[in-house]
Every structure is written in structure tokens, then in C-alpha cells.
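Taking it in order: structure first as C-alpha cells, then the write-up.
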Amino acid sequence: MARAFLIQILVFIYTVRSENVVSTPEPKKILDTIMNPSYIPAEEKHGSYWRKSAADTLKAKLQETVNTNKAKNGILFIGDGMSLATIMAARTFEGQTDRNLGEDNTLSFEKFPVSGLARTYCIDAQVPDSACTATSYLTGVKTKYGVIGLDGNVTRASCFSQLHKANWAPSIGQWALDSGLDVGLVTTTRVTHASPAGMYAHTSERNWESDADVPDECLSLGCKDIAYQLVMGDPGKQFKVILGGGRREFLPNITSPLTNYTGRRNDNVDLTDMWHVDKLERNATHQYVTDRNELMKVYNSDDLPDYLLGLFKDDHMDYHMQASNQPTLEEMVEVAIKMLNRSEKGYFLFVEGGRIDHAHHDSYAHLALDETVEYSKAVQKAKTLTNPEDTLIVVSSDHSHTMTVAGYPSRGNDILGVVDTAKGMDGKPYTTISYANGKAKSLDESGRVDVTIHSEFSKKALDYSYPSLVPLDSETHGGEDVAVFASGPWQHLFTASYEQSVVPHFMAYAMCIGDQKHENCKPKSRHRTFWTSDGVAQKPNKTTFFTDFTQKRLFDEKNKEYWRQQAQWTLRSKLARPQNTKVAKNVIMFLGDGMSITTLAAARVYLGRKYGLTGEEVKLSFESFPHTGLAKTYCVDHNVADSACSGTAYLAGVKANSGTVGLTAAVKRGDCEGQRNGANTVTGLVDWAQKAGKATGIK
């Protein structure tokens, strides 16, 4: 009895002590985040919705035909700095602007039937600038950082290199003019900036936009600035349409009571007047405009001029959200197409959404996303005004940026806001969008910055700089691949993974303005031609085409012929590949968990350096596959996916909620009753294969 009494006392004491102990819950792991979307579309909770969506996509794909017509017209759109992360965030931003969830939205060019990936490095830089990339996607030649329209034999800012014409790399704009086509360029930057300059300039220094930028010794040697080359040189002076900013680069730096010059030029030359003189000498009608009202008058005129020059700002054009009496990119594209569409032989048009890049450099995510949406509208306008049977439209970017979309926000959460489901380990909120480096510091004396206490952030100020890890005076570019989207004749050439420098060669082939001709090209001369087994017409000459990678690597990358030969080799490989419509007896699916495009770019450099190469030019095994596509990864309840919902998507064909596997979105994470309901269970590839009598396995 005494022993029983003692046990009761001990139990009582333990119970009292237990009640007084404050238990410390284990910290919640970020992967265990529970989503809290404001709503989920009811139909998305059913597996049948996703199966029907897949069936509709497959049906549309099967209805696509291979278009091998001659592309009478070619339009190249470049979204400067438009990384894949920018595309994802911009589509979400556009959708949320229209009061939708956003993640399921699609930008206009994402509807194009073909997509690919392009490698962007310069021959001397792992992460490129807009000068070497413009040379790449406009001339088909990779070159050095900061150099435009010249091959890799040049030294940056060396006038001798610039004057040596053997180093010059002509652009696809020049090729088009040589074939009798009309040419135009449209940009939201200065028309002398790096990207548009790739259409016409040959300069060893991208910053030589006016003579005020060129060193005196270079001027004395005869080096011309970029603005001068556009107005006075070939091919620039032949362009039928030039629309953008940068008026100051063309006007003299003088003060006069009779003029209101705001120029930078030291040579006292008014290049807009020289442009006028050149057109008079050609006996051509022409118009110079400086604001939206003047441009719209030209557009609405019954008698369009032969040539049109529009310089709408002294510097870059204003951001769309801050502009006044300035044409939008969409409007400029519409005017340009109307001007160029008069050409019986066709045209080539270059369009740049250049201020996406500038906004990213200042970490102005809001402005960057809006500029991307405006760029998408311009692409849609071009698609509406042209015929896919005779017009090839290619949409891409020159390089990426360090912006990321991360954390685990609920689906529909404000893409410009903070993550709604979790805070950092320091108890402070963090934004879905951030930058690896840039102007806005993420740390101060008190630790990590709490963005929610800044009024600029809460008010969604356009000039709010999003946090960055490494403080710099300007956010940098990124080095991963950029997406390429294509629609129109020979669109199928643009799938797979390739060097950025093949883009103009593919376009030239489709338009019959390059060295290689397809069977729908009209004869360009009386030269005898022969046909190779892959259907490529060539003139008999002493040129030796490289036939394998090893031979191609022996050619010096500094020479423009190396890149031309590589493009020809890539094109020949694509043309020689027949379409395979056989039944797939076996299927193997490889999944690189978390293998982003950035991971691919870094892994190929890692592999290359492991074997004594620079690495950027190396291909991982699967990058040689003939086709490439892009997939959206969001969960039904989650902006940024986890491996559970994404596994259900790519194996069962049904999008699910975060943290759930093999179930429809009718089941929330941790919902035992929902899991037990057989109606919520989905089957997938393994089940389908086994029912078909096939062997299955997991590795």
C-alpha cells in the first residue's frame, strides 16, 4: 500500500511538472509549407480537366504541318535581358493585372509552335553583353565583349581593328538588302545602342555612339561613330524605317538663339539633316518625326513616305508606364510593317524591346515585367498583321539577368509582393522576386532588410529596387541560355539547343537570302547548282564544309568563317533529319530534379573545364537531341512547384496541389479522407505501360 501511494505521488509530481513545461515546437521546414491560395478554379481540381487540356494540346500539335515555303518576310524580335524567369514573372504579372491568378497565363509568343534554347556567351566572356550578342544573332558571328559587327580578331576600343574590313561581319539586314528586300529597325532604346547597332555598325567599342565618345586619335585615323555609320554608311542609310530614341547622338552640341539643339556631337554636324540630304539625292520621299502625334499622322496618311526616321527622345525612350506623347512598341511595329509591306520582294524587320534590360539593371522588377508585357503585345500585333504562310517571326532574347522567382508562395500571390506562406529564419518576410546582385542591398546594420517597412515597396513604386545579395552599382546579366520561339516558314529549324549565332543563318535560309538555298527559293543567278542529299542547293566552289564537331573545333573562333561554317553544319544536320512517326516501342524518361536552365549552363562549363576546355562551347549529352520545349511547372495551389505536384504532372498528366502525389487537386496536403476517396486517384505512365503489356522500371 505504501508503495502504491509513492507511485501515485511520483505520477502527480511528473504531471504537474509536465503541465508547467513550455514545449518548443520544432521549426517548420520550408518544404512543409502549406499553401493558402485565395481560390482555385473548380475545374482544375478534377483530373479530367488536365487530361482534356493535354488532349487538346496534342490534337493541335498533330494538326501542325511542316511549312517549307519561302519566307518572303522575316521579323526578328529581341527582348533585351528577357530571361526565362522574366517570361514566367511577366506572364503572371499580365494575368494578375487582368485580375486572374496569373501562373496559367500565356504571353503571345509562348503560343508559337516551336521553341528552342540558344547559348549566349561571347568568345572571351562567360556572361555576355548586348554588343557581342547582337553581333551573334544579327551577323551569325560570335565575337568579343563590347564589340559590334566585327569578328573576334579585334581588340576592344582599337581603331586599327575596326578599320580592317577583313574583320567586318555584315548583318542579316545587309544580306536582305543585297537580295532586294526592304529593311527596318524598331527599338525602345537609343537607335545607336548595342542591340540595334548590330544591324548596321562595325565598331570595336559599343560606347562610341557619337563622335563625342570616340578618342581623338581614333577620329584622326578615320574611325566613325555609330550614329554616323547609321546615317552616312551602308547598310544603315538604306533602311526604310528607323524608329527609337537617341536623338542627342545625331545633333550638334551647340547653343544658338535660332535652334534648340540638345545634341552631343562635337563635329557640328546635324545627322538628321544629312539623312534628309541623302534622301533628296535619291529623289525619295521621306519623313522625320519626333513624337507620337507626328508618327500617327504618317501612319494615317494615304501616301506613305519612302523612308521614315523617328527619334522620339534625346536618350532612351521612356518606360511605357512613365511615357507621355511617345509611341508604344506595338504602335511602332504596326507603322514599320505598314511601311515595309509595300515591298514586292519582301522585307526584314528587327524589333527590340530594350528597356526590359534597363529596368533589370536597376532591379526595377515592376518596370521590367511591364516592358515584357508591352513587348508581347508588339509580337501579337506583328502576328496579326502578317501571314504565317510567308512571314517568319522569331522571338528571343540576347541574354538573361540574375532575377529569380523563388520561395513557395501560394498560387495567385502577388508576383511583386512578399511570399505569403512563410518568412525567413530571421522572422522577416521576403519577396518572391529577388536579384543575385544589384543596386538594392539586402542587408543593413540590423541584419536582413524588411522590405515591408519601405513605403516604396508597399505602394508598388515603379522605381523600387528589389533586394539583391551582392551590392553593385548595377545588376548584371546572367549567363544561362535564352529561349527562342518561332512561327512561320521553316519554324521547325529553331527547335533544339544551339549557338545563338545560328539564328540569322536559319532565318536567311528560310528567306532565301543566304548562301544555302532550299527548293522553294527562286534562282538568284545563272550559276549551275547541284543538290546535296539533304536538299541544300550550293554553288560549286572550293569551300569545304565541316562535317563533324572535331573538325569544326580546329577552326579559329576569332574568324567569322568559323561561325558561318558551324551554322552551315548545324543547318545541314537539321535538314538531313527526317521526321520519325513510327510507334515508340520503348520510352525512357529522364528527370533532372531541380535542373534549371542556369544549372545546364553551369554544368556544361564545369564539364568542359574538367577536360581542359573553356567549357561554354561544350554540349551535355541530351543537348544534342533534335527537339526542345518549355514546360510550365506551377502547382494548382502553388506559384513555385515542389517535386510532389510536378511529379504528378509529368507522370500522370494531372496538375495537383503542393505536397500531394498521384491525386487530383481536390485533395489538399494532409487530407486523409480525400486520399482515401478513389475518385481522387490518378494513374500515370507506368500504369498505362503495364496495361499495354510493357515492362516498367524505376532507376
Side-chain angles (χ1 to χ4, degrees), residues 71-80 82 86-87 90-91 93-95 97-98 105-115 182-189 191 195-196 199 239-245 289 291-301 304 308 310 312 317-321 323 325-343 346-356 369-397 483-489 491 507:
K72 177 184 177 183
N73 312 308
I75 306 176
L76 176 59
F77 280 87
I78 290 293
D80 198 317
M82 188 179 68
T86 303
I87 292 173
R91 87 165 72 104
F93 171 76
E94 182 184 54
T97 301
D98 293 335
N105 185 46
T106 304
L107 298 175
S108 63
F109 51 86
E110 293 185 284
K111 300 172 186 175
F112 282 17
V114 173
S115 61
D182 283 350
V183 175
L185 74 81
V186 172
T187 180
T188 53
T189 69
V191 296
S195 299
M199 279 283 285
F239 292 173
K240 291 296 179 69
V241 184
I242 302 170
L243 300 176
V289 296
D291 62 33
R292 182 181 181 276
N293 291 334
E294 292 177 352
L295 181 67
M296 290 300 104
K297 286 180 182 177
V298 172
Y299 176 75
N300 294 319
S301 171
L304 293 174
L308 177 62
F312 303 106
M317 294 181 69
D318 293 335
Y319 289 114
H320 163 254
M321 298 186 82
N325 195 17
Q326 171 185 289
T328 65
L329 184 60
E330 180 182 7
E331 289 171 336
M332 290 193 291
V333 166
E334 185 169 11
V335 172
I337 291 177
K338 184 176 181 180
M339 286 279 297
L340 296 172
N341 213 29
R342 297 172 297 172
S343 171
Y347 61 82
F348 176 79
L349 174 62
F350 172 71
V351 181
E352 183 203 19
R355 304 233 59 193
I356 301 169
L369 301 191
D370 181 74
E371 290 294 311
T372 306
V373 170
E374 288 300 303
Y375 173 81
S376 174
K377 291 177 182 177
V379 174
Q380 182 58 47
K381 177 60 68 174
K383 194 81 169 66
T384 302
L385 295 175
T386 57
N387 184 348
E389 290 301 307
D390 68 2
T391 301
L392 172 63
I393 301 178
V394 177
V395 177
S396 189
S397 174
V484 182
F485 304 87
S487 173
Q491 63 191 22
M507 294 193 74

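In this chain, residues are counted from 1 in sequence order.
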**OP:** For the pair E94 (side chain) and N105 (backbone), establish whether a donor and an acceptor sit closer than 3.5 Å, ignoring hydrogens and angles.
**Re:** no
Original post:
By side-chain contact (heavy atoms from CB on, under 4.5 Å), which residues pair with S108, not counting sequence neighbours?
Top reply: S376, V379, Q380
Original post:
Got a sec, which residues hit side-chain contact (heavy atoms from CB on, under 4.5 Å) with T97, two or more places apart in sequence or on another chain?
Top reply: F93
Original post:
Residues two or more places apart in sequence or in another chain: which of them pass side-chain hydrogen bond (donor to acceptor under 3.5 Å, both in side chains) with T372?
Top reply: none
Original post:
Can you name the salt bridge (Lys or Arg N to Asp or Glu O under 4.0 Å) partners of R355, sequence neighbours left out?
Top reply: none
**OP:** Not counting sequence neighbours, which residues clear side-chain contact (heavy atoms from CB on, under 4.5 Å) with A336? List them please.
**Re:** V186, V241, L349
Original post:
What's the shortest heavy-atom distance between Y375 and L329, and which atoms?
Top reply: CA-CD2, 3.9 Å
Subject >> Residues forming a side-chain hydrogen bond (donor to acceptor under 3.5 Å, both in side chains) with E334, sequence neighbours excluded >> reply: Y299
**OP:** Under the side-chain hydrogen bond (donor to acceptor under 3.5 Å, both in side chains) rule, collect the residues that match up with S396, sequence neighbours excluded.
**Re:** none
Subject >> ring pair (Phe, Tyr, Trp, His ring centres under 6.0 Å) against F239, all qualifying residues, sequence neighbours excluded >> reply: none
Subject >> side-chain hydrogen bond (donor to acceptor under 3.5 Å, both in side chains) partners for N387, two or more places apart >> reply: none
Original post:
Looking only at atom types and distance, does a side-chain atom of Q491 sit under 3.5 Å from a main-chain N or O of G488, one as donor and one as acceptor?
Top reply: yes
**OP:** Sequence neighbours left out, what passes side-chain contact (heavy atoms from CB on, under 4.5 Å) with N300? Give chain and number order.
**Re:** M296
Original post:
With sequence neighbours left out, what residues match F485 under ring pair (Phe, Tyr, Trp, His ring centres under 6.0 Å)?
Top reply: F109
Original post:
Who are the salt bridge (Lys or Arg N to Asp or Glu O under 4.0 Å) partners of K377, not counting sequence neighbours?
Top reply: E374
**OP:** Ignoring hydrogens and angles, tell me if any N or O in the side chain of R342 forms a donor-acceptor pair with the backbone of L304 under 3.5 Å.
**Re:** yes
Subject >> Heavy-atom donor-acceptor pair, E371 side chain to H320 backbone, under 3.5 Å >> reply: yes
**OP:** Take K383 and F112 through the side-chain contact (heavy atoms from CB on, under 4.5 Å) test and state the conclusion after the steps.
**Re:** CA-CA 10 Å; K383 194 81 169 66; F112 282 17; 3.7 Å; yes
